[in-house]
Amino acid sequence: MNKNKQILRHCPNFYKIMNFEYFEDDKLSEKLLDVYEEFVFKVDLNNKNQIKKLEQLDLILNKYIDDYFFRKELREEMKRIKVRKGEDILTAIVNWIISVFDNYEVGYTRNIYFSRWL
C-alpha cells in the first residue's frame, strides 16, 4: 500500500484540517497547518510513538478548528513555546501542542460553562 495512504489512515481529520479556512491575517493557524502537514508526511510508520503523536495531533487540530475556547487557549500558549538548542524544532512544537491540549483538557473538565439565553 502507498505510504501516504497508510499515514492518512491514522489521520481521519486530515482533509478537514487542511481545508480549514482561516482569516488572511491569522498567521498562527497558517503555521499550525504547516506544522501538521510537515509532521504527517515526515512520520515513520515503524515508530509507534510517532504514530501515537500523529493521531493525537490530528485530534488536537480538529479540536482547534471546532472549539473556540481551545483555539484561544492554544494561541496564548504558543507565545510561550521554548525550543532547546539542538532539539528538533518540529518535534518540539508537536510536543508543546500536545502538552497544551492535555493541560486544557484537565482544566476544561473542571470548569462548567453556562450559556446565557437572552
Side-chain angles (χ1 to χ4, degrees):
M1 188 187 296
N2 188 352
K3 180 184 176 198
N4 291 345
K5 287 184 180 180
Q6 289 177 336
I7 290 173
L8 292 179
R9 205 173 39 167
H10 297 283
C11 304
N13 303 308
F14 178 80
Y15 293 108
K16 178 182 178 182
I17 293 169
M18 294 311 298
N19 293 327
F20 175 58
E21 293 184 21
Y22 49 86
F23 293 115
E24 194 172 307
D25 61 340
D26 186 5
K27 297 298 181 191
L28 180 64
S29 293
E30 180 182 355
K31 294 298 180 184
L32 283 173
L33 294 180
D34 290 343
V35 165
Y36 175 74
E37 185 176 19
E38 187 176 342
F39 190 76
V40 164
F41 294 110
K42 186 179 176 185
V43 73
D44 179 16
L45 290 171
N46 298 321
N47 188 335
K48 292 184 191 263
N49 188 27
Q50 284 188 358
I51 291 175
K52 183 179 174 186
K53 282 184 183 183
L54 175 63
E55 291 171 350
Q56 285 178 321
L57 187 62
D58 185 69
L59 175 81
I60 292 168
L61 287 183
N62 185 48
K63 178 104 174 156
Y64 177 82
I65 291 170
D66 292 338
D67 186 352
Y68 170 77
F69 294 112
F70 177 64
R71 189 177 316 140
K72 185 177 173 184
E73 178 76 18
L74 188 60
R75 286 176 187 275
E76 290 299 316
E77 291 297 322
M78 288 305 287
K79 295 175 186 174
R80 299 182 187 116
I81 190 168
K82 294 182 175 103
V83 179
R84 295 185 179 117
K85 187 176 183 179
E87 188 177 13
D88 181 39
I89 295 172
L90 182 64
T91 305
I93 293 171
V94 169
N95 290 337
W96 183 264
I97 293 170
I98 291 170
S99 69
V100 168
F101 177 74
D102 291 341
N103 291 337
Y104 175 79
E105 285 292 307
V106 168
Y108 185 74
T109 56
R110 294 178 188 225
N111 296 332
I112 299 173
Y113 293 99
F114 294 104
S115 60
R116 186 173 175 187
W117 289 84
L118 299 175

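Any value given below was found using the heavy atoms of this structure, including those in side chains, with hydrogens, waters and symmetry copies removed. Predicted model only: the values in this text are computed from it and were never measured.
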query: In Å and rounded to the nearest 0.5 Å, what is the CD to CG distance from Gln56 to Asp102?
result: 6.5 Å
- prompt: Do Tyr36 and Asn13 have a side chain donor and acceptor closer than 3.5 Å?
  reply: no
query: So does Lys16 have more than 12 non-hydrogen atoms from other groups sitting under 6.0 Å from NZ?
result: yes
Ring pair (Phe, Tyr, Trp, His ring centres under 6.0 Å) partners for Phe101, two or more places apart: Phe70
query: Rounded to the nearest 0.5 Å, what separation is found between the CD1 atom of Ile17 and the CG atom of Asp58?
result: 4.5 Å
message: For Thr91, is there any backbone N or O sitting under 3.5 Å from a side-chain donor or acceptor partner on Asn95?
response: yes
field: In one Ile/Leu/Val/Met/Phe/Trp/Tyr side-chain cluster, 4.5 Å: Leu61, Phe23
entry: no
- line: So NZ of Lys31 and CD of Glu38: to nearest 0.5 Å the spacing works out to 10.5 Å
Same apolar cluster: Ile65 and Tyr68, side chain cutoff 4.5 Å: yes
message: salt bridge (charged side-chain N to carboxylate O under 4.0 Å, His left out), that's the test. Do Lys52 and Glu55 meet it? Break it down for me.
response: CA-CA 5 Å; Lys52 183 179 174 186; Glu55 291 171 350; over 6 Å; no
- request: Could you tell me whether the side chain of Gln50 and the main chain of Asp44 form a donor-acceptor pair under 3.5 Å?
  value: yes
query: Considering only heavy atoms from C-beta outward, does the side chain of Asp26 approach that of Arg75 to under 4.5 Å?
result: yes
- prompt: What distance do Asp34 atom CG and Lys27 atom NZ have between them, rounded to the nearest 0.5 Å?
  reply: 10.5 Å
task: Show your reasoning for whether side-chain contact (heavy atoms from CB on, under 4.5 Å) applies to Ile51 and Gln6.
output: CA-CA 11 Å; Ile51 291 175; Gln6 289 177 336; over 6 Å; no
- request: Kindly compute the distance separating CG (Leu74) from CG (Asn103), expressed to the nearest 0.5 Å.
  value: 11.5 Å
field: Heavy-atom check, side chain of Ile97 versus side chain of Met78, under 4.5 Å
entry: yes
message: Checking Tyr22 against Leu33 for the side-chain contact (heavy atoms from CB on, under 4.5 Å) test, could you report, in this order, the C-alpha distance in whole Å, the side-chain angles of both residues, the deciding distance, and whether it holds?
response: CA-CA 10 Å; Tyr22 49 86; Leu33 294 180; 3.5 Å; yes
Side chain to side chain, Ile98 and Lys53, heavy atoms closer than 4.5 Å: yes
query: What distance separates Asn62 CG from Cys11 SG, expressed to the nearest 0.5 Å?
result: 11.5 Å
message: Using modelled atom types and a 3.5 Å cut-off, is there a donor and acceptor pairing between side-chain atoms of Trp96 and backbone atoms of Val83?
response: no
Electrostatic pair Asp88:Lys42 at N-O distance under 4.0 angstrom: yes
Co-membership, hydrophobic cluster, residues Val100 and Ile89, 4.5 Å side-chain: yes
field: Exam field: side chain Asp67 to backbone Lys63, donor-acceptor pair closer than 3.5 Å
entry: no
Side chains of Phe41 and Lys3 in contact at under 4.5 Å (non-hydrogen atoms): no
